[in-house]
Amino acid sequence: MADRSERPDRNLAIEIVRVTEAAAMAAARWQGRGEKESGDQAAVDAMRQVLDTVVMDGTIIIGEGEKDEAPMLFNGERVGTGEPPKVDLAVDPVDGTRLLAEGRPGAIAVLAAAPAGALFDPGPCVYMEKLVVGAAAADVVDLDRPIAENLAAVARALGRDVTDITVMMLDRDRHEEAKAAIRRVGARLQLIPDGDVAGAILAAWDERPQVDVLYGIGGTPEGVTSACAVKALDGQILGRLWARSDAEAAQAREAGFDLDKVLTVDDLVTSEDSFFACTGITNSQLLKGVMFDGIGAVTESLVMRSKSGTVRTIEARHRLKKLREYAAVDY
């Protein structure tokens, strides 16, 4: 019989959701104002302020902003109070900065954590090919197979016809061939302008059957961050590093990366005790966005822990007048 004597221990995700809430509220003031970097900077500043109140010895392993030179919590930055536990962090204060700037649905604030050394460090590899599914199809997908074959396998695993399968994909020119293949088999295709972390969660979350598969080439940092949520949901994320040029491929290989290897969720986050939190900034299929009213603000967040598999949806009422009396964050 399994040993069930272990007492409930600390769930860091419950604490880091305060960080994503702060980032989301700060960023939401910039919704639709056409200033990508201003919204991102507000979220970064808020996230940094609250991160430093969390009791942990944290290191940013996957920082935000390296792709587009946006304001960032930089790789190697130390955060938290400096006390144990030692954790590595993947942060994205605004996943979907363009969505926020244009006032479009789908922007979220994201933070993932795992014991030190447990998160995959993508080094110079900015992009990866990704395939994400939920627990019911976790064992039937293979990134070395054509997307049409994977969709047929997912349909069988879910007990559905392939025409009832919904695939989410970033709307990019590089996906034209994949889009054509998905349409040929008759699957439903949902194209998104940005924000594939939320897409990965939707695909991995069997209890929310809005999306069955996330597929396409997107950010490697977002893939690692998503893996912490996918692990909590018992789903699968398969990834293969994708170089944009021969020079980038050579740089990656020189740094020791195998561009042919298929990485699984357990490669991207090796610990069985990872944490994930995200808060909606603008409304989306996944979360409600920040709502401001005469009292303050209301946020909706997801909090996940892979060890227990617990997923919490948290609606929080923030009384900004009180917060402004003591908080360093500019709400």
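Both backbone and side-chain heavy atoms feed into the values below; hydrogens, waters and symmetry mates do not.
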Within the distance-only criterion (no hydrogens, no angle test), does the side chain of Ser284 pair as donor or acceptor with the backbone N or O of Leu286 below 3.5 angstrom?
-> yes
Point-to-point distance, once rounded to the nearest 0.5 Å, from CG of Asp95 to OG1 of Thr225 = 8.5 Å
Same cluster (ILVMFWY, side-chain, under 4.5 Å), Met25 and Leu99 = no
Main-chain N/O of Gly199 paired to Asp196 side chain as donor or acceptor, under 3.5 Å | no
So do the side chains of Thr310 and Met304 get within less than 4.5 Å of each other, counting heavy atoms only?
-> no
With sequence neighbours excluded, give me every salt bridge (charged side-chain N to carboxylate O under 4.0 Å, His left out) pair touching residues 165-174.
-> Asp171-Lys179, Arg172-Asp194
Flag if over 12 foreign heavy atoms under 6.0 Å of CD, Glu176 | yes
Quick one: are Arg10 and Pro85 in side-chain contact, heavy atoms under 4.5 Å?
-> yes
May I have the step-by-step check of side-chain contact (heavy atoms from CB on, under 4.5 Å) for Val54 and Thr81, ending in yes or no?
-> CA-CA 6 Å; Val54 180; Thr81 62; over 6 Å; no
If a pair satisfies side chain to side chain donor-acceptor pair (under 3.5 Å) and one of its residues is in residues 113-123, list it, with sequence neighbours excluded.
-> none
Does Asp144 reach the side chain of Arg240, with side-chain heavy atoms less than 4.5 Å apart?
-> yes
Contact check, side chains of Ile295 and His318, non-hydrogen atoms, under 4.5 Å = no
Each residue besides Ile14 in its hydrophobic cluster should be listed here, by chain and number; the cluster joins Ile, Leu, Val, Met, Phe, Trp and Tyr at side-chain heavy-atom distances under 4.5 Å.
-> Val17, Val303, Ile314
Sidechain N-carboxylate O distance under 4.0 Å for Arg48, Glu77 = yes
Hydrophobic cluster (4.5 angstrom, side-chain heavy atoms) - remaining members for Val298 = Met291
Mark yes or no for whether Thr220, through its side chain, and Tyr127, through its backbone, hold a donor-acceptor pair below 3.5 Å.
-> yes
Donor-acceptor under 3.5 Å (Ser306 side chain, Ser274 main chain) = yes
Mind checking what makes side chain to side chain donor-acceptor pair (under 3.5 Å) contact with Thr279, not counting sequence neighbours?
-> Thr20, Ser301
Flag yes if more than 12 heavy atoms outside Arg188 fall under 6.0 Å of its CZ atom; otherwise flag no.
-> no
Tracing side-chain contacts under 4.5 Å among Ile, Leu, Val, Met, Phe, Trp and Tyr outward from Tyr215 reaches Leu131, Val133, Val140, Val141, Leu143, Ile147, Leu151, Val154, Leu158, Val162, Ile165, Val167, Met169, Ile182, Val185, Leu189, Leu191, Val213, Leu238, Val262
Residues in salt bridge (charged side-chain N to carboxylate O under 4.0 Å, His left out) with Arg253, at least two apart?
-> none
Flag for Asp45-Gln49: side-chain donor and acceptor within less than 3.5 Å = no
Could you tell me which residues satisfy side-chain contact (heavy atoms from CB on, under 4.5 Å) with Ala135, sequence neighbours excluded, listed by chain and number?
-> Asp206, Asp234
Going by the side chain to side chain contact (heavy atoms under 4.5 Å, CB included) test, name the single residue among Leu73, Leu111, Ile108, Ile281 that passes it with Pro93.
-> Leu73
Cation-aromatic face contact Arg29/Phe292, 6.0 Å, 45 degrees | yes
List in chain and number order the residues that pass salt bridge (charged side-chain N to carboxylate O under 4.0 Å, His left out) with Lys86, two or more places apart in sequence or in another chain; answer none if no residue qualifies.
-> Asp57
Does a sphere of radius 6.0 Å around CG in Asp246 hold more than 12 heavy atoms from other residues, nucleotides or ligands, not counting ones at 6.0 Å or beyond?
-> no
How many angstroms lie between atom CZ of Phe276 and atom CG of Leu12, to the nearest 0.5 angstrom?
-> 13.5 Å
Minimal heavy-atom distance between Val269 and Ala114, with the atoms involved, is CG2-CB, 4.2 Å
Kindly compute the distance separating CG (Leu287) from SG (Cys278), expressed to the nearest 0.5 Å.
-> 5.0 Å
Under 3.5 Å, is there a donor-acceptor pair linking the side chains of Gln190 and Gln210?
-> no
Do the side chains of Arg312 and Leu302 get nearer than 4.5 Å, heavy atoms only?
-> no
Heavy-atom pair of closest approach, residues Ala26 and Ala42 = CB-O, 3.5 Å
Hey, are the side chains of Glu315 and Thr299 touching, using non-hydrogen atoms and a 4.5 Å cut-off?
-> no
All heavy atoms of Asn283 vs all of Gly289, minimum pair found to be OD1-N, 2.7 Å
Are the side chains of Asp266 and Glu272 in touch, meaning some heavy atoms are under 4.5 Å apart?
-> yes
Please answer whether the main-chain N or O of Glu37 pairs with a side-chain N or O of Gln41 as donor and acceptor at a distance below 3.5 Å.
-> no
Smallest heavy-atom separation, Ala43 atom then Val94 atom, equals CB-CG2, 3.5 Å
Indicate yes or no: at least one non-hydrogen side-chain atom of Val87 is less than 4.5 angstrom from one of Pro115.
-> no
Does the Glu222 side chain pair with the main chain of Val197, one donor and one acceptor, at a distance under 3.5 Å?
-> no
In the hydrophobic clustering (ILVMFWY, side-chain contacts below 4.5 Å, transitive), which residues join Val55, or is it alone?
-> none
Looking at Met128 and Gly219, what are the two nearest heavy atoms and their distance?
-> CG-O, 4.3 Å
Would you say Glu83 has more than 12 foreign heavy atoms packed within less than 6.0 Å of its CD?
-> yes
Answer with yes or no whether the side chains of Ser271 and Asp273 bring together a donor and an acceptor at under 3.5 Å.
-> no
Salt bridge (charged side-chain N to carboxylate O under 4.0 Å, His left out) partners for Arg104, two or more places apart | Glu102
Gln236 side chain to Val265 backbone, donor-acceptor under 3.5 Å | yes
From OG1 (Thr59) to CG (Leu119), nearest 0.5 Å | 10.5 Å
Hey, is CZ on Arg317 packed in by over 12 heavy atoms from elsewhere, all under 6.0 Å?
-> yes
Can you list the residues that meet the salt bridge (charged side-chain N to carboxylate O under 4.0 Å, His left out) rule with Asp260, with sequence neighbours excluded?
-> none
Reported CG-to-SG distance for the pair Leu259 and Cys125, which is rounded to 0.5 angstrom | 6.0 Å
Thr282 versus Pro105, closest heavy-atom pair with distance | OG1-C, 3.5 Å
Please confirm whether the backbone N or O of Val110 pairs with a side-chain atom of Asp92, one donor and one acceptor, at under 3.5 Å?
-> no
When rounded to the nearest 0.5 angstrom, what is the spacing between CD1 in Ile217 and CZ in Arg244?
-> 12.0 Å
